[in-house]
Amino acid sequence: MPNGRCSSAGSDASVGEPSGDQPCTSVFARAWAKAVVGTSYLPMTHAQLETLLQRLTDLLAEALRAEPLDLRVGHRVADELVASHVASAEALGRTVEVIQLRLIRDLDLVADDVEDRMARLLGAVATGYARALRDRTLDEQESIRRAAMTARAQAEQALRASEARFRHQATHDPLTELPNRTLFAERLAAAVDGSGDGRCRVGLCFLDLDRFKRVNDSFGHQIGDRALVAAARRLRQAVEPHLVARLGGDGFVVLVERSTGTGDVVAVAEAALAALSEPVVVDGHDVTVTASVGVVERRIAGTSPDDLMRAAGSTLHWAKSAGGAGWALYDAERDSREQARQELSAAIPAGLERGEFFLDYQPLTSLHDGSLLGVEALVRWRHPRLGVLSPDRFISLAEETGLIVQLGGWVLAEACREAVGWVGGSGRPPYVSVNLAVRQIRRPGLVQEIQALLRRTGLSPNRLQLEITESAMMTTSEEPVRALRALADLGIRIAIDDFGTGYSNLAYLRNLPVTELKVAGEFVRGLRTPQAHADERILASLVSLAHALDLTVTAEGVETGGQADRLRAIGCDAGQGWHFGRPASPDQILARIR
Ligand code: C2E
Ligand code: MG
Ligand code: MG
């Protein structure tokens, strides 16, 4: 068993008396500290390092003296070194070196086997050190891995949360919080994707608040918005569990998946309408909103989201034009009829451009002497696919869409251009009578346009007559009447067309710049039978009233000589109809004039 005493202290030391080793161990500990300092970063002061190594030196000294030699002390010393960050290959090398060179000497250990014990203890320190280093590295790797995993999980969670937020924002209407068009389109596409049973049915309620603009106008947009929010909430509750989306503005749509028939979807529409029937109270205001609903219900097979939406849109339009506050059900026949009209109307501008429109002219014949007083220009469309179309097919369309302004402008210009050439007959050259739609009369620049047209073509104003229907005249306000007066002042004739089909109010004609009354064919038709005395008397008084107002009277739709005779007897001035001549080409008219 080794014995040791501290040479520097000069005193004897034996096992079990460690206090006597104190000064000697501190000398060694200082040397040890000097050896390892700077071999790795140490998170402690030099004094702290010395204190640590002093303790470890004591442990080593004790182990060298103890019997039997406990190698675990070597491991423990190594563990502590590594745990205290004296943890590098370099530090180990220096530690081994300083222990080897100085420990026995500094501690003054004397025993036969001290060298041998020392070597084994040193081996244990080295082994323990290597193991501790490896464990520490593994621990570090593990904690890095764990930290990385935690960080990734957190990042993923944050990403998922923000994705969900973004998705919500992208698929919901910010005002009402209802699903928006995007989400609705997704759900509708999924509902009709055809992966299910082809016999499955689907329904849509396309809902639009009636005259909601009025709510905004009278209460302001803020209250309007809140009324919308309230309406949206009611709708959602009323049609649950069906998806209701806001398509923008005051338009909503309900998707009825797995419908079992029209009744299902109509019930949803009725529930929606009922939900809106009570006024919404916003800021103490009673805001009443009604809605119109277009209902479409059909089998999934053979339909598409676009089809459904288009059909629902048309149906909503029907509900609206029926006065609102109700639902309409899709009707394929009506839809295809309207679609054909739509296509036809859309083709008008191109038709004009390609010169597909042309005019026929129908004589307006004097009932006194049979002379040709004028001709009415009647437009036709030589449609490339449908053949020659009569104005009944496209005039009302053009009026609805406003294309009548373009079309009517062309008619007017073409009629004036052709009429200029109608001279060379024996009598006075006939005037040309052109039908004018309300929209045309309401145009601000009408008078100037017509003036320019007359100048350009050289047609004298008294050879132009403008026909305005009675109903158009009645709905015309102050401004257009002034325009008509200006036109009349130029010398242009103004006729009321189809008189008798509207209000037939002669009194109001007094204040209008009208020169002629064209009595509708319906009146003349009554003259066909010999016993139609009532019609004849009405017509007779009409004629005398018109004459009293200084108006000439032309009877339309005169088909027989008998009718012509009776009209002449009544005092009617002129006649138009098959009896006098059907609408004919400009050449035929010219031939007749000459
Ligand atoms: P309208 O102005 O009352 O024209 C007379 C219509 O009665 C013409 O029909 C003419 O062909 C038809 N008609 C003439 N004589 C007889 C007859 O004896 N018996 C019967 N049953 N019918 C007769 P059309 O050409 O089909 O024109 C229909 C309507 O289209 C016109 O009625 C007019 O309101 C409108 N229209 C025609 N051309 C134009 C135009 O250039 N502009 C505008 N805005 N409307 C036009
Ligand atoms: Mg006419
Ligand atoms: Mg007419």
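Computation of the quantities below employed the complete heavy-atom set of this structure, encompassing side-chain atoms and omitting hydrogens, waters and symmetry-equivalent molecules.
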| field | Check ion pair Glu278-Arg234 (N to O, under 4.0 angstrom) | value | no
| field | Carboxylate-amine/guanidinium contact Arg525 Glu559, below 4.0 Å | value | no
| said: Run Asp369 and Ser371 through side-chain hydrogen bond (donor to acceptor under 3.5 Å, both in side chains) and show every step you take. | reply: CA-CA 5 Å; Asp369 58 12; Ser371 64; 2.8 Å; yes
| said: Check whether Gln588 reaches the backbone of Ser585 with its side chain - one donor and one acceptor, N or O, closer than 3.5 Å. | reply: yes
| field | Reported CG-to-CG distance for the pair Leu209 and Asp250, which is rounded to 0.5 angstrom | value | 4.5 Å
| query | Under a 4.5 Å cut-off applied to non-hydrogen side-chain atoms, are Trp327 and Leu329 in contact? | reply | yes
| task | Kindly give the heavy-atom pair with the smallest separation between Ser292 and Gly324, and that separation in Å. | result | OG-CA, 3.2 Å
| task | Using atom types as modelled and distance alone, determine if a side-chain donor or acceptor of His285 lies under 3.5 Å from a backbone N or O of Val287. | result | no
| field | Donor-acceptor side-chain pairing of Glu516 and Thr554 below 3.5 angstrom | value | yes
| query | Is the side chain of Gln440 donor-acceptor paired with the backbone N or O of Ala437 at a distance under 3.5 Å, no angle test? | reply | yes
| Is the Lys NZ or Arg CZ of Arg380 less than 6.0 Å from the centre of Phe357's six-membered ring, within 45° of the axis? | no
| task | Flag this pair as yes if the NZ/CZ of Arg334 is under 6.0 angstrom from the six-membered ring centre of Trp318 and inside a 45 degree cone about the axis; otherwise no. | result | yes
| request: Look up atom CZ in Arg568 and atom SG in Cys572, then write down how far apart they are to the nearest 0.5 Å. | output: 10.5 Å
| Do you see a donor-acceptor pair shorter than 3.5 Å between the side chains of Asp283 and Gln222? | no
| Ring-face cation contact, Phe358 with Arg382, 6.0 Å cut, 45° max | yes
| field | Ion pair Lys518/Asp498, N-O distance below 4.0 Å | value | no
| request: Could you tell me the separation between the CG atom of Asp208 and the CZ atom of Arg211, rounded to the nearest 0.5 Å? | output: 10.5 Å
| query | Is Arg393 atom CZ crowded by more than 12 heavy atoms from other residues, nucleotides or ligands, each under 6.0 Å away? | reply | no
| Below 4.0 angstrom, N of the basic side chain to O of the carboxylate: do Lys213 and Asp217 qualify? | yes
| Do any N or O atoms from the side chain of Arg298 and from the backbone of Val202 form a donor-acceptor pair under 3.5 angstrom? | no
| Phe252-Phe184 aromatic ring centre distance below 6.0 Å | no
| request: Could you tell me whether a side-chain N or O of Ser366 sits under 3.5 Å from a main-chain N or O of Ala574, the two making a donor and an acceptor? | output: no
| Once you round to the nearest 0.5 Å, how far does CG of Leu178 lie from CZ of Arg233? | 10.5 Å
| message | According to salt bridge (charged side-chain N to carboxylate O under 4.0 Å, His left out), who are the partners of Arg341, at least two apart in sequence or on a separate chain? | response | Glu400
| said: For Glu297, is there an ion pair with Arg201 - N to carboxylate O distance below 4.0 angstrom? | reply: yes
| Do Ser336 and Gln339 have side-chain atoms, one donor and one acceptor, less than 3.5 Å apart? | no
| Can you tell me if Thr469 and Asp497 form a side-chain donor-acceptor pair at under 3.5 Å? | no
| query | Does any N or O in the side chain of Gln563 come within less than 3.5 Å of the main-chain N or O of Thr560, such that one atom is a donor and the other an acceptor? | reply | yes
| query | Within the distance-only criterion (no hydrogens, no angle test), does the side chain of Asp331 pair as donor or acceptor with the backbone N or O of Glu333 below 3.5 angstrom? | reply | yes
| field | Nearest heavy-atom neighbours spanning Ala230 and Val280 | value | CB-CG1, 3.2 Å
| Distance from Leu464 atom CG to Ser433 atom OG, nearest 0.5 Å? | 8.0 Å
| Donor + acceptor pair across side chains of Tyr330, Asp335 (<3.5 Å) | yes
| Arg463 side chain to Ala419 backbone, donor-acceptor under 3.5 Å | yes
| Test item: side-chain donor near acceptor, Ser460 and Asn462, under 3.5 Å | yes
| query | Do Tyr361 and Trp422 make the cut of ring centroids closer than 6.0 angstrom? | reply | yes
| Is it true that a side-chain atom of Thr303 and a backbone atom of Arg299 form a donor plus acceptor pair closer than 3.5 Å? | no
| What's the shortest heavy-atom distance between Thr315 and Val295, and which atoms? | CG2-N, 3.7 Å
| query | For residues Arg246 and Thr176, is any side-chain donor paired with an opposing acceptor at under 3.5 Å? | reply | no
| query | Going from NE2 on His242 to CG on Asp264, what distance comes out if it is rounded to the nearest 0.5 angstrom? | reply | 7.0 Å
